[in-house]
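Whatever order the structure lists ligands and atoms in, that order sets their numbers, starting from 1.
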Amino acid sequence: MIQPDVKTPPRVLCMSGHDPSGGAGLQADIETCLALGVHALGALTLLTVQDTHNVSRVQPLAVEMLDAQIAAVCADAPVAAIKLGVIGSVEQVHCIAGWIDRLQVPVVLDPVLRAGGGATLAGQPVARALLDELLPRASVATPNADEARLLSGDDDPAAAARALAARTQGGVLVTGGDEPGDEVINHWAHGGELQLHRWPRIDGTYHGSGCTLAAAIAARLAQGLAVEAAVAAAEQAEHRWLVAPKRVGGGRLVPGRCVLQGTES
Ligand code: PLP
């Protein structure tokens, strides 16, 4: 009898939506985790109808269904970090807050409110609940500049990053990919300090870049990196995947996180 060579990668519990195009949402989380050597446990929050251009429908799952998914995987496997993507209702926020308190592991919150194509993914009541219940439980939050403005009420990304970071357990990375300019400037606020992370702008528009970055931070936290190092490593991974993207459909490009090599026969 052959003894299998069993691997035990750290498990990241991803609570995210389904994107049938495979660019964003839970598939982005799974591919990112796979590329970085951790295993994604996936609890779906909502279904969408979308392509690489935009989202046309959103259907949140019943909170009991989300709770049951999380309960099943948590009873079976230890969770090393949690990644939160789009959340479908205020009831889901309450449920997730309860699980965070029980699991006591690092949490990466991507406060998704709107798709890059412009469609609303989460309304004002969910935004309020994210701010009140999930931001204070987050080790890292990764709003884009518009989400940071909406959540903080502050127009300036630096001030927004500082204000939001003060409400977290760790830090806030306000991403600047959707802002104008020759450079992409991410504002990292952590421990009362603010750093500007400058990246050369890459031509093109992307679908799923925010999900990818947040999942990469969660993967690195699950592997034991400290918050600051996890954020830096994730930004580097994201940059590598944005300069070598995938063309999936006729709309935006998808980060090349898991480009198939076709090596299995
Ligand atoms: N669909 C789902 C399920 C998502 O989680 C997200 C972003 O987090 C999106 C769509 C939008 O992604 P993007 O704005 O990168 O197109």
Side-chain angles (χ1 to χ4, degrees), residues 12-33 40 42-61 65-66 69 82-89 92-93 96 107-123 126-127 130 134-135 138 140-151 173-179 184 186 201-202 204-219 234-235 237-239 241-242 245-258:
V12 175
L13 175 55
C14 303
M15 305 182 198
S16 305
H18 178 58
D19 164 12
S21 82
L26 186 58
Q27 185 167 333
D29 298 344
I30 294 169
E31 290 181 4
T32 301
C33 286
L44 266 191
T45 55
L46 54 75
L47 304 177
T48 69
V49 176
Q50 66 178 299
D51 57 19
T52 55
H53 298 269
N54 204 359
V55 176
S56 57
R57 275 179 75 175
V58 177
Q59 176 72 61
L61 264 66
M65 190 62 194
L66 175 64
Q69 293 175 77
I82 295 171
K83 186 262 170 177
L84 303 177
V86 64
I87 296 173
S89 65
Q92 287 190 4
V93 172
I96 291 168
V107 175
V108 180
L109 169 64
D110 184 16
V112 181
L113 303 176
R114 198 172 296 150
T120 298
L121 284 165
V126 171
L130 290 182
L134 296 184
L135 197 65
V140 181
T142 59
N144 62 30
D146 272 345
E147 288 159 350
R149 286 185 187 106
L150 236 141
L151 291 170
L173 187 73
V174 175
T175 59
D178 297 328
E179 300 292 286
V184 171
N186 295 337
R201 185 170 293 281
I202 304 158
T205 54
Y206 293 85
H207 172 47
S209 55
C211 308
T212 303
L213 178 69
I217 298 171
E235 285 182 281
E238 172 98 328
H239 184 75
W241 295 331
L242 293 178
K246 284 190 278 200
R247 162 71 61 202
V248 171
R252 287 170 290 141
L253 296 165
V254 170
R257 344 162 252 252
C258 242

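Between Thr142 and the options Asn186, Ile217, Val174, a side chain to side chain contact (heavy atoms under 4.5 Å, CB included) holds for only Ile217.
Protein heavy atom nearest atom 15 (O) of ligand 1, with residue, atom name and distance: Gly208 N, 2.7 Å. Looking only at protein heavy atoms, the nearest one to atom 4 (C) of ligand 1 is Gly25 N, 3.9 Å. Closest protein heavy atom to atom 14 (O) of ligand 1: Gly116 N, 2.6 Å. Looking at atom 7 (C) of ligand 1, its nearest protein heavy atom turns out to be Cys211 SG, 3.4 Å. Residue, atom and distance of the protein heavy atom nearest to atom 1 (N) of ligand 1 are Gln50 NE2, 2.7 Å.
At distances below 3.5 Å, not a single donor-acceptor pair connects side-chain atoms of Thr48 with backbone N or O atoms of Val58.
If you number the atoms of ligand 1 from 1 as listed, the ones under 4.0 Å from a heavy atom of Gly17 come out as 3 (C). Those atoms of ligand 1 with a heavy atom of His207 less than 4.0 angstrom away are 12 (O), 13 (P), 15 (O), 16 (O). The ligand atoms of ligand 1 that sit less than 4.0 angstrom from a heavy atom of Ala115 are 11 (C), 14 (O).
Atom CZ of Arg149 has more than 12 neighbouring heavy atoms from other residues, nucleotides or ligands inside a 6.0 Å radius.
Scanning both residues, Ala122 and Val112, for their nearest heavy atoms gives CB-O, 3.6 Å.
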CA sep, side-chain torsions, deciding dist, call: Ile96, Leu66, side-chain contact (heavy atoms from CB on, under 4.5 Å):
CA-CA 9 Å; Ile96 291 168; Leu66 175 64; 4.0 Å; yes

Audit row: Tyr206, Thr212, side-chain contact (heavy atoms from CB on, under 4.5 Å) steps and yes/no
CA-CA 11 Å; Tyr206 293 85; Thr212 303; over 6 Å; no

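Note that CG of Leu26 and CD of Glu31 are 10.0 Å apart. Values are rounded to the nearest 0.5 Å.
Contacts of Leu121 with ligand 1, taken as heavy-atom pairs under 4.0 Å, involve the side chain alone.
Considering backbone and side-chain atoms together, Arg252 places an N or O closer than 3.5 Å to an N or O of ligand 1.
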